[in-house]
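Structure record follows, encoded as structure tokens.
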Amino acid sequence: MVSAEETAASPPTLADALARLALAEDTLRAIGAGEVDAFVVDDGTHDTMLFSLSTADRPYRLFVESMRDGAATLSSSGIILYANDRLAEMLACTRQSIVGSALADHLAGDLPAAVTRPQAGVWPRAVVEATLLDERGVHVPVLIGSAPLDLERDGLTCLTFTDLTAQKAQDREIARLSVAQELRMAELQAAHEALTVQATHDALTGLPNRGLLVDRIDQALAQARRSGVCTAVYFVDLDGFKRVNDTMGHAAGDLVLQSVARRLSAALRPGDTVARIGGDEFVVLTPGLAGPERATTVSDRLMVELARMSDESPQPIAASIGVSTSVAGRDDAEVLLHEADRAMYEAKSLGGTRVALFDPAFTLLTDQRTDTQGMIEAALDDGRLIAHYQPIIDLPGGAVAGYEALARIRTVGGDILPPSAFIDVAESSGQITPLGAQMLHLACVEADRWGALVPGPGPIVAVNLSGRQFEGGSMHTVVAEALAASGLPPSRLHLELTETAIIDLHPDNLIQLEAIAEMGVQIGLDDFGTGYASLSHLRRLPLSFVKIDQSFVQGIGLSREDEQIVLAVVDLAANLEMRSIAEGVQTPRQLERLTEMGCDQAQGYLIARPMPAGDLPRPPTHRAGIAT
Ligand code: C2E
Ligand code: MG
Ligand code: MG
């Protein structure tokens with residue numbers, strides 16, 4: 001061991017300094033040649049320090065050992081000369097097993113030559129991504145950084161390995177999240193679009209609903225304002241749809257509505273709109289018509305298209321169409337819709353299955369309707385609803401079996417109004433319900449009085465009912481109350497419903513009809529032959545009699561067909577154990593033929609006109625004096 005020592009007793013001379021320098025040079029050379037293990041340094045304060053190769057190297061070693069990255073020294077041939085603990089950990093093996101092995105053995109795939117081989121004798125600095133293969137075969141993604149460590153032209157290189165496992169996992173998670181996010185966004189977008197469609201379209205037919213229709217009419221009107229073209233709105237209401245629903249079920253009704261939607265759409269141009277705004281109510285919008293007269297062409301086309309539906313539908317389906325047109329200037333969607341609705345109502349009241357164009361005069365009719373409603377209300381409040389009675393006689397023989405009660409309104413001025421002046425308005429306004437109930441009470445009280453005047457069971461009273469009276473669900477109670485209040489035996493009360501009213505009855509309401517029949521009250525069909533029902537179809541209803549409509553009765557002697565129809569109905573009724581009653585008998589010939597046919601009863605001007613209760617013969621059962 002060589003030691004270097006000096007004293008601090010006298011100040012150093014130049015010769016001393018040179019000697020010390022020579023000594024230091026010698027020491028360094030000796031260390032470089034490996035001739036010394038360590039040397040002692042005195043810093044002049046008599047503190048000495050022992051320097052060895054390992055003491056000088058230790059900080060660097062410790063630094064490399066404790067790095068969070070892996071580190072290795074590589075020979076020019078790619079052999080690992082040194083590896084730190086972290087690299088051993090990354091490769092899941094010991095440092096000893098790494099040192100001396102080829103770096104290539106620890107890699108999945110090849111590394112770029114830039115990292116593993118010096119080029120032109122010089123190691124380039126490079127950073128590359130690679131994958132280590134650990135002892136268990138697990139892939140470890142790393143970032144390899146290389147730097148030349150070419151101390152004495154020995155071609156060494158120093159590598160650092162940064163573990164990318166966590167970062168890669170994070171990248172993958174971010175990618176997964178962003179895919180999930182995109183999916184979620186797409187789902188949200190789709191849900192939003194579905195909601196928009198749902199909010200603006202009818203679920204059954206997929207057609208625009210009222211809200212979207214109004215928007216489109218507004219747009220069409222705005223465009224019409226600019227260009228002066230005409231916008232037309234067609235209110236299409238199906239005739240007889242309720243019957244399809246009630247007799248064939250709602251599923252069949254839905255199919256009809258879908259079919260109507262298809263037919264209407266097929267009859268239109270691409271820029272037109274068909275919307276469904278209610279049960280069987282559709283509205284068509286045709287913007288940009290050259291003039292209002294073109295609207296009729298469109299409505300005719302719609303009618304033709306709907307008429308073709310009869311091939312598809314087991315029940316006849318037709319429509320009433322109300323048309324309203326707007327030329328530039330009048331620009332309110334709601335007004336246009338209201339006018340088309342009003343025109344449709346007009347088409348219905350003219351018998352339906354037709355087109356009506358809106359006419360400002362309709363507004364006048366609306367005013368009249370309002371007046372009539374007020375008049376009915378006042379009449380019901382003031383007891384000015386009265387009944388006239390028309391006798392019904394037995395055939396043959398002519399004995400009076402009873403009377404049909406027919407509604408009349410006495411005006412404040414004392415005039416007597418027939419049902420044609422108020423029944424339709426009462427039907428559509430719903431006033432038919434209180435009106436019908438009052439009629440029932442009046443007729444029952446009157447009929448009970450007749451019973452007291454004559455021996456025997458007494459004449460019956462027939463009262464007309466509207467299908468709407470069943471809507472409240474308590475018609476059987478109304479009947480029971482009228483009977484209880486008057487004391488009239490149920491067997492002396494007959495109720496007449498038109499076949500349309502019966503067919504239009506909701507299946508739930510049939511229960512009320514059955515409850516009424518169970519009380520002992522007879523129920524019959526009025527105006528038979530004017531609707532779509534067949535007697536056999538109505539067989540399941542609790543019916544006791546059929547009134548043959550006067551249009552057929554009056555054809556007796558004039559039309560062979562009418563006579564055949566009357567005969568067929570009389571026979572069928574007999575076979576189904578129902579009584580047949582001929583209405584509107586006006587001539588002795590008609591009465592004679594009806595008697596020959598076997599018709600059970602008759603009623604008509606020939607026998608007597610409807611009259612106030614006070615004009616009935618006393619007692620009110622007798623052989624009717626037949627007028628000629
Ligand atoms: P409906 O029930 O078929 O009554 C018979 C109608 O024919 C009565 O007309 C009667 O006056 C008329 N009539 C009777 N015999 C003859 C005849 O020989 N020739 C002609 N041309 N007509 C005859 P009205 O009283 O005007 O009643 C018309 C309709 O109004 C009734 O037809 C019935 O459907 C309805 N109605 C009358 N009262 C009521 C009621 O209280 N409630 C309901 N819902 N409807 C009623
Ligand atoms: Mg009647
Ligand atoms: Mg009738």
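First listed ligand is number 1; within each ligand, the first listed atom is number 1.
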Any pair counted as salt bridge (Lys or Arg N to Asp or Glu O under 4.0 Å), so long as it reaches residues 471-493, sequence neighbours left out: R468-E471
For ligand 1, the residues whose heavy atoms come within less than 4.0 Å (ordered by chain, then number): Q390, E404, L406, A407, R408, P419, I423, I432, M439, N464, L465, S466, E496, D526, D527, Q550, Q554, E583, G584, V585, Q586, G604, Y605, P610
Spatial distance of atom CG (D549) from atom CG (D526) [nearest 0.5 Å]: 8.0 Å
Donor on one side chain, acceptor on other, Q554 and D562, under 3.5 Å: no
Audit row: R276, E281, salt bridge (Lys or Arg N to Asp or Glu O under 4.0 Å) steps and yes/no: CA-CA 6 Å; R276 178 168 172 240; E281 292 173 343; over 6 Å; no
NE2/H201: more than 12 non-hydrogen atoms of other groups inside 6.0 Å: yes
Test salt bridge (Lys or Arg N to Asp or Glu O under 4.0 Å) applied to D381 - qualifying residues, sequence neighbours left out: none
Axial cation check for Y605 ring with R609, 6.0 Å and 45° limits: yes
The Mg ion (ligand 2) - name of the N/O/S atom of E404 that sits closest to it: OE2
K242 side, atom NZ; D280 side, atom CG - distance, nearest 0.5 Å: 10.5 Å
Gap separating the CG atom of L207 from the CG atom of D202, nearest 0.5 angstrom: 6.0 Å
Partner of D237 by salt bridge (charged side-chain N to carboxylate O under 4.0 Å, His left out), out of K348, R342, R354: K348
Residue and atom names of protein N/O/S atoms that fall under 2.8 Å from the Mg ion (ligand 3): D526 OD1, D527 OD1, E583 OE1, E583 OE2
